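Not measured: the values here are computed from a predicted model.
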Amino acid sequence: MSKQSRLAWRCRRGTRELDQLLQRFLQSEFDLLSIEQQQIFEQFLDETDPDIYNWITGQTALADNTYRFLIARLGNLHSA
């Protein structure tokens, strides 16, 4: 299984909205990330769905800056 296929599977989440958003990000943004940012995205996918959704929608603030660039890009896709 290719890395892209593996990540596409990991982007499948419990809610359709989050599913679609992460899939869209993977298709349109992932290849534009640095290797380090790609690794952070993979780490990000280990987070819980409620945390990811709340960070993207701004309902919960991030505890640190690790995911800040992802949240900004995902937020842009979410509002588009």
How far does [atom1] of [X] sit from [atom2] of [Y], to the nearest 0.5 angstrom?
X	Y	atom1	atom2	value
Gln23	Ser28	CD	OG	11.0 Å
Gln43	Gln39	CD	CD	9.5 Å
Leu45	Cys11	CG	SG	5.0 Å
Ile71	Thr57	CD1	OG1	9.0 Å
Leu62	Arg68	CG	CZ	5.0 Å
Ile52	Leu74	CD1	CG	8.5 Å

May I ask you to decide if [Y]'s main-chain N or O and [X]'s side chain share a donor-acceptor pair within less than 3.5 Å?
X	Y	result
Arg24	Leu77	yes
Asp49	Gly14	yes
Gln37	Ser34	yes

**OP:** Check the pair Tyr53, Glu17 against side-chain contact (heavy atoms from CB on, under 4.5 Å), reporting the backbone distance first and the verdict last.
**Re:** CA-CA 9 Å; Tyr53 184 80; Glu17 184 177 16; 3.5 Å; yes
Decide yes or no for [X] and [Y]: does some side-chain heavy atom of the first lie under 4.5 Å from some side-chain heavy atom of the second?
X	Y	answer
Arg10	Leu22	no
Phe25	Leu33	yes
Gln27	Gln4	no

Subject >> Trace of the side-chain contact (heavy atoms from CB on, under 4.5 Å) decision for Trp55 with Leu70 >> reply: CA-CA 10 Å; Trp55 292 330; Leu70 282 173; over 6 Å; no
Original post:
In terms of the angle between their ring planes, are Phe44 and Tyr67 parallel, tilted or perpendicular, with boundaries placed at 30° and 60°?
Top reply: perpendicular
**OP:** Apply the test side-chain contact (heavy atoms from CB on, under 4.5 Å) to residues Ile40 and Thr66: give CA-CA distance (whole Å), side-chain angles for both, the deciding distance (0.1 Å), then the verdict.
**Re:** CA-CA 8 Å; Ile40 291 171; Thr66 305; 4.0 Å; yes
**OP:** Check whether more than 12 heavy atoms from other residues, nucleotides or ligands sit under 6.0 Å from atom CG of Leu32, and answer yes or no.
**Re:** yes
**OP:** Check the surroundings of atom CD in Glu36: do more than 12 heavy atoms from other residues, nucleotides or ligands lie under 6.0 Å from it?
**Re:** no
**OP:** Please determine if Glu47 and Arg13 form a salt bridge, counting it only when a charged side-chain N lies under 4.0 Å from a carboxylate O.
**Re:** no
**OP:** Run the ring-centre check on Phe41 versus Phe30 and record whether the distance is less than 6.0 Å.
**Re:** yes
